[in-house]
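Everything numeric in this text was worked out from a predicted model, so none of it was measured. Any value given below was found using the heavy atoms of this structure, including those in side chains, with hydrogens, waters and symmetry copies removed. Lettering of chains follows the sequences in order, A, B, ..., and the numbering in each one begins at 1.
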Amino acid sequence: MTDTKNPPGCSIDCGTMNFVAARRVDGKVVTRRIRDAFIDLPMEHKRMLKLANTSFAELDGKLIVVGDAALETANLLNRDARRPMSGGVVSAGELDAQRIIALIMKEVLGPPSVPGEKCCYSVPAPAIDVTGSDVTYHSAILKKVLQELGYSPEPANEAVAIVYSECAKENFSGLAISYGSGMTNVCLSYNAMSAFEFSLGRGGDWIDAGAARAVGTTAAKICAIKESEIDISRTLGTDSREVEAISLYIQTLIDYTIDRVIEVFLRKKGEIHISKPLPIIVSGGTSLAKGFLEKFKERFELHRSRFPIQISEIRSASNPMTSVATGLLLLSQMDDDE
Amino acid sequence: MSILSYKILNLLNTSVNIEDLGITLQSRGGQDGSCVISSDSYVRSASLRDLLNKRILSAQPIYNTITVRHVSSSAPQVPQNTPVSEDTQNDSNILSLQNEIRAMNSRFDEILTVLRTAPPTASPVYVQMPIQTAHPGQHNYTSSQPDDPIFIPSSIVPKGADVHISSNEESSPVEDFEDSLAALKAARKKKV
């Protein structure tokens, strides 16, 4: 007998900055998030970490602090936390990083509720602006980890997942733009069918690195400022140099995204016929910066006249951090023939 | 009068190799049946000494009074009233240098011949392969060809690791989710 409150099927959004898992538990949709970062410490710190209730793992005689605690510890020790993924994908040959990813996935997902439970996991589309962009290896590694954990893995595009979680009222039609840390993913979906999917090799990390270079500071510091309560929609010149630089880079990324969307539309001219206005859904961790949506709307108005389709509204995902995982959870609940 | 160089003559009707100088003299009377070497080469060459002792070669000292001239047809004409200095020392040095270069060329040819005729397994061959490095914070895309195999380790999840990782948990009511699920199922059915 199927447990209607806890039906099998789960999902995991594997991002450069966060791993987010989702499943239905006792009549609720429960999401769990672990920051995709780690730092190694000497073994003598183990007791201290236990006392402080800090997330860590003991791996091959090494002490590894994982998650948000890794960033805090890195700041405390004036070191850089390591990231197991870069540019939106698992790095080929980085076997240590892959084992950390596996640990994070194991912890964020927990054990399968039934043997071979279906787990939909996110993969980006290949980046159109990065030579040799390939997500095959990335997807294969994640699939292997999930299989080892006892799941039946199924890959799905992360921007498509956003349309599924956010555009039910538009019959799953919309343009989803996911501003992640390693990259930006875009999907145009019409009546639950994907018209195109692509990604760009620029995201939050690109903003951090560029703004840091511009003002002579570190990317980690820029990232911390970006994630604090700054408002990037405010007029340039009224904030600190760091905020100005962040705002400029975000604005450039938004313009860059809109230009690439227009380009892809033009390339597919004749293939896409959309009669009704569609919404644009802005999501992803980078879009959480205060004023991001306002900035997007402001920039879009400058491009609207040459935008190939009518846009009904521009809105944020209901929860930009969990939107992909929720969309993937919907997919995991579908029967295979649906 | 000092000896600056030696003219070496081949006395045989076959070619002779002065091994340690890397010079090969053609048969007697031929165009390359003789050469001029520096006195220094003359003194230090054991091979030459051996060939001289065996009377295969003969050596004639060249003193600085001997004038060796090379007249090029394209050389500018020297006005008659211009004094011409006969710098015999320089001429001898040039001859010696030319012979040294010939000797080096001959040696170089020998080395090339040995390398070309050596079997491929005679010495290890190191081929510089392009090195791919991963830099934190940068894109790391594989440059593999489509038919290259993808290496996936047989085991990635660490076994027996002592793990204490906490996560941030959020929950939302399931009603909206169920509505979306029903709508997605309907949309997909319609599509089919």
Peer 1: How long is the straight-line distance from NZ of A:K28 back to CD of B:E175, given to the nearest 0.5 Å?
Peer 2: 10.5 Å
Peer 1: Do B:L181 and A:R24 have side chains that approach each other closer than 4.5 Å (heavy atoms only, starting at C-beta)?
Peer 2: yes
Peer 1: Mind listing the closest non-hydrogen atom pair of B:F151 and A:Y137 along with its distance?
Peer 2: O-CE1, 3.3 Å
Peer 1: For a side chain to side chain contact (heavy atoms under 4.5 Å, CB included) check, start with the C-alpha distance between A:L49 and B:H164, then their side-chain angles and the critical distance, and finish with the verdict.
Peer 2: CA-CA 10 Å; A:L49 292 176; B:H164 307 265; over 6 Å; no
Peer 1: To the nearest 0.5 Å, what is the distance between CD1 (A:I34) and CD (B:E169)?
Peer 2: 10.5 Å
Peer 1: Measure A:K169 against the heavy atoms of chain B and call it side chain, backbone, both or neither at under 4.5 Å.
Peer 2: neither
Peer 1: About how many Å separate CG of B:N168 and OG1 of A:T322, when rounded to the nearest 0.5 Å?
Peer 2: 12.0 Å
Peer 1: Which answer fits A:T54, side chain, backbone, both or neither, if we ask what part of it has an atom under 4.5 Å from a heavy atom of chain B?
Peer 2: backbone
Peer 1: Is a donor on one side and an acceptor on the other found under 3.5 Å between the side chain of A:K144 and the backbone of B:S154?
Peer 2: yes
Peer 1: Measure distances from A:A209 to the heavy atoms of chain B and classify the residue's part below 4.5 Å as side chain, backbone, both or neither.
Peer 2: neither
Peer 1: Which region of A:F172, side chain (C-beta onward) or backbone (N, CA, C, O), has a non-hydrogen atom less than 4.5 Å from a non-hydrogen atom of chain B, or is it both or neither?
Peer 2: side chain
Peer 1: When only pairs under 4.5 Å are counted, which of A:T136, A:V29, A:I100, A:V30 shares the most heavy-atom pairs with chain B?
Peer 2: A:V29
Peer 1: Between B:P173, B:P153, B:S172, B:A182, which shows the greatest number of heavy-atom pairs under 4.5 Å with chain A?
Peer 2: B:S172
Peer 1: With only heavy atoms counted, which part of A:N18 is less than 4.5 Å from chain B, the side chain, the backbone, both or neither?
Peer 2: neither
Peer 1: Using a cut-off of 6.0 Å, state whether more than 12 heavy atoms not belonging to A:N53 lie near its atom CG.
Peer 2: no
Peer 1: Should A:K106 and B:V163 count as side-chain neighbours, where that means a heavy-atom distance under 4.5 Å?
Peer 2: no
Peer 1: Write down the atom of B:F177, the atom of A:T326, and the distance for their closest heavy-atom approach.
Peer 2: CE1-O, 3.8 Å
Peer 1: Given heavy-atom pairs under 4.5 angstrom as the criterion, report whether the side chain, backbone, both or neither of B:E178 touches chain A.
Peer 2: side chain
Peer 1: Tell me, side chain or backbone of A:K62 under 4.5 Å from chain B's heavy atoms, or both, or neither?
Peer 2: neither
Peer 1: Which region of A:L329, side chain (C-beta onward) or backbone (N, CA, C, O), has a non-hydrogen atom less than 4.5 Å from a non-hydrogen atom of chain B, or is it both or neither?
Peer 2: both
Peer 1: Of the non-hydrogen atoms in A:R32 and B:S167, which two are nearest, and what is the gap between them?
Peer 2: NE-OG, 3.1 Å
Peer 1: Between the side chain of A:Q98 and the main-chain N/O of B:I156, is any donor-acceptor distance below 3.5 Å?
Peer 2: no
Peer 1: For each of A:N171, A:V108, A:L103, tally heavy-atom pairs with chain B at distances under 4.5 Å, and name the one with the top tally.
Peer 2: A:L103
Peer 1: Out of curiosity, B:I152 CD1 to A:L142 CG, how far, rounded to the nearest 0.5 Å?
Peer 2: 9.5 Å
Peer 1: Could you check which of A:R99, A:M321, A:H138 has the highest count of heavy-atom pairs closer than 4.5 Å to chain B?
Peer 2: A:R99
Peer 1: Find the distance between CD (A:Q333) and NZ (B:K185) and round it off to the nearest 0.5 Å.
Peer 2: 7.5 Å
Peer 1: I need the A:S165 OG to B:L184 CG distance, nearest 0.5 Å.
Peer 2: 10.5 Å
Peer 1: Highest number of heavy-atom pairs under 4.5 Å with chain A: which of B:A183, B:P158, B:S171?
Peer 2: B:P158
Peer 1: Checking the side chain of A:S55 only, and the main-chain atoms of B:S166 only, is there a donor and an acceptor separated by less than 3.5 Å?
Peer 2: yes
Peer 1: Quick one: what part of A:D60 sits under 4.5 Å from any heavy atom of chain B, side chain, backbone, both or neither?
Peer 2: neither
